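Structure, as structure tokens:
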Amino acid sequence: MSNIAILAGDGIGPEIMVEAKKVLATVAKKFNFEINTKDYDVGGAAIDNHGNALPDSTMAGCIASDAILFGSVGGPKWANLPPTEQPERCALLGLRGHFDLFCNMRPATLQPALSSLSTLRSDIAEQGFDVLIIRELTGDIYFGEPKGRKGEGEEETGFDSMFYSRREIKRISHLAFQAAQKRDNKVTSVDKANVLATSQLWRQVVEEVAVEYPDVELEHLYVDNAAMQLVRDPNQFDVMLCPNLFGDILSDICAMITGSMGLLPSASLNAQGFGMYEPAGGSAPDIAGMGIANPIAQILSTALMLRYSLNQDAAAKAIEDAVSSALDNGILTADLLPANEREKAKSTSEVGDYICTQIEST
Ligand SMILES: NC(=O)c1ccc[n+]([C@@H]2O[C@H](COP(=O)([O-])OP(=O)(O)OC[C@H]3O[C@@H](n4cnc5c(N)ncnc54)[C@H](O)[C@@H]3O)[C@@H](O)[C@H]2O)c1
Ligand SMILES: CC(C)[C@H](C(=O)O)[C@@H](O)C(=O)O
Ligand SMILES: [Mg+2]
């Protein structure tokens, strides 16, 4: 029996989590394993109910679990709280930091047959692509101290600190090279070594680690060029190894060129293999409560959880196949359709139901 802590959070989080839970129950039944899920408040919802975005009861539930399935947190209602109380920083970064979830994997693929979903020009989209972003998740300017504000008036200053240690760079680099060995043997390391001291150390350490993986090709790109290349020709990439901030930005590009922010799942793992699984996108306040959010990123994050934390490869694959079938057969939420075809859009629950039926029937 596996215990899963479910943290749905804010905005579209609870809506897409309902679909992920349905899918989880469907594969558990089909593949005959037991899952015990328990819901916990997190983010803005937890501020409203407990006065704190990451209550002790939620943290205790996560510690007692085998994996965390996370929705998304934040929204305009809580955006003006002091930074340390905000849902994103307190709950999301709090969980990533507490469990030392330094390895964030964001796989973005586009099958040539689904090229019409992409926002890229058709001749580029028709090549398809299969990019794995490996994003360092517990260092960089996100966690560096000091950060804050000082001074007054025109001299008031906001500041953050960008840090990377050799140890942090090494451990994420090894995982990127090992991932590439199971794929197309290429790592593109992203930095800004023409300006930043942290990036100069990053590049040097990545090169040192690369020596241990002679079968893997290594290239370095500056982050601005990497953003451009992703839109020009994403098919050139295999594994993209990114520091925290650059990986955040590039993964939104990766999501969109597959078709939608609502398609990109992610797995965040620590050295012991404990993981938290969440869509790369956010709480989408602009569409929350309308029943139109795309549940696929949450459902594919559930598949990643089954693969990496619960050792249920067949169930993970069944989910991924059912998602492909939904996309192939035009079972699409509005975000995947051009404006003049939105009347064909399916709701969040219709997409979830289709995926469950597909899993049951194959
Ligand atoms: N993991 C997280 O909890 C997480 C991640 C990113 C942003 N956020 C937070 O979410 C809030 C909103 O952030 P934002 O608007 O910058 O980014 P967002 O990712 O929430 O939304 C960006 C755009 O993508 C669309 N989108 C995102 N997910 C979608 C889905 N599943 N289906 C259809 N459309 C989808 C939204 O409608 C919006 O137009 C902020 O408070 C932000 O800090 C949380
Ligand atoms: C909400 C925010 C803190 C978070 C990040 O920047 O890591 C999000 O954008 C993500 O990509 O998971
Ligand atoms: Mg992001």
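Order of listing sets the numbers, starting from 1, for every ligand and every atom in it. Just so you know, these numbers come straight off a predicted model, no measurement behind them. Just so you know, these numbers use all the heavy atoms, side chains as well, and skip hydrogens, waters and symmetry mates.
Geometrically, ligand 1 and E278 share a nitrogen or oxygen pair separated by less than 3.5 Å. Considering backbone and side-chain atoms together, S283 places an N or O closer than 3.5 Å to an N or O of ligand 1. For ligand 1, the polar-atom distance check finds an N/O of G75 within less than 3.5 Å of one of the ligand's N/O atoms. Looking at ligand 2, you'll find an N or O of R106 within less than 3.5 Å of one of its N or O atoms. Residue E88 places no N or O, backbone or side chain, under 3.5 Å from any N or O of ligand 2.
Ligand 1 is never approached by A297 to a heavy-atom distance shorter than 4.0 Å. The shortest heavy-atom distance from R89 to ligand 2 is not under 4.0 Å. Not a single heavy atom of W78 lies less than 4.0 angstrom from ligand 1.
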### Message
Does N3 form a side-chain hydrogen bond (donor to acceptor under 3.5 Å, both in side chains) with N36? I'd like the steps, not just the answer.
### Response
CA-CA 5 Å; N3 291 311; N36 177 29; 2.8 Å; yes
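Side-chain contact, D48 with W78: a donor N or O sits under 3.5 Å from an acceptor N or O. A donor-acceptor contact closer than 3.5 angstrom links the side chains of T138 and E136. Side chains of D248 and Y142: a donor on one and an acceptor on the other come within 3.5 Å. Counted by atom type alone, S260 and D335 present one or more donor-acceptor pairs between their side chains at under 3.5 Å.
Looking at D248, its N, O or S atom nearest to the Mg ion (ligand 3) turns out to be OD1.
In this structure, atom 23 (C) of ligand 1 is not in close contact with the protein, since no protein heavy atom lies within 4.0 Å of it. Distances from atom 13 (O) of ligand 1 to the protein include no heavy-atom value under 4.0 Å. Counting only heavy atoms, the protein gets under 4.0 Å from atom 41 (O) of ligand 1.
Ion pairing between a basic and an acidic side chain is recognised when a charged N comes within 4.0 Å of a carboxylate O; K186 and D238 show no such pairing. By the 4.0 Å N-to-carboxylate-O rule, K317 lies too far from D313 to be salt-bridged with it. Remark: R166 engages E208 in a salt bridge, criterion side-chain N to carboxylate O under 4.0 Å.
Per-residue contacts place R135 under 4.0 angstrom from the following atoms of ligand 2 (heavy atoms of the residue considered): 5 (C), 6 (O), 7 (O), 10 (C), 11 (O), 12 (O). Residue A280 has at least one heavy-atom neighbour below 4.0 Å for each of these atoms of ligand 2: 10 (C), 11 (O). Close contacts between ligand 1 and S72 involve ligand atoms 2 (C), 3 (O) [criterion: under 4.0 Å to a heavy atom].
Nearest-heavy-atom check against atom 29 (C) of ligand 1 across L264, D335, I12, D10 picks out I12. Which of N294, I287, T333 comes nearest to atom 34 (N) of ligand 1 through a heavy atom is settled by distance: it is I287. Nearest to atom 30 (C) of ligand 1 by heavy atom, out of G262, P295, P76, is G262.
Using a 4.0 Å cut-off between heavy atoms, L137 makes no contact with ligand 2 at all. Only the side chain of L92 comes within contact range of ligand 1, with a heavy atom under 4.0 Å; no backbone atom does.
Protein heavy atom closest to atom 43 (O) of ligand 1, with residue, atom name and distance, is E88 OE2, 2.6 Å. Scanning all protein heavy atoms for the shortest distance to atom 11 (O) of ligand 2 gives D248 OD1, 2.9 Å. Taking atom 21 (O) of ligand 1 as the reference point, the nearest protein heavy-atom neighbour is A284 CA, 4.2 Å. Protein heavy atom at the shortest distance from atom 6 (C) of ligand 1 is G282 CA, 3.3 Å. What sits closest to atom 39 (O) of ligand 1 on the protein, heavy atoms only, is D286 OD2, 2.9 Å.
Cation-pi contact between K150 and F159: present, with separation from the ring centre below 6.0 Å and deviation from the ring axis of at most 45°.
In this structure, Y164 and W202 have tilted ring planes: the angle between them lies in the 30° to 60° band.
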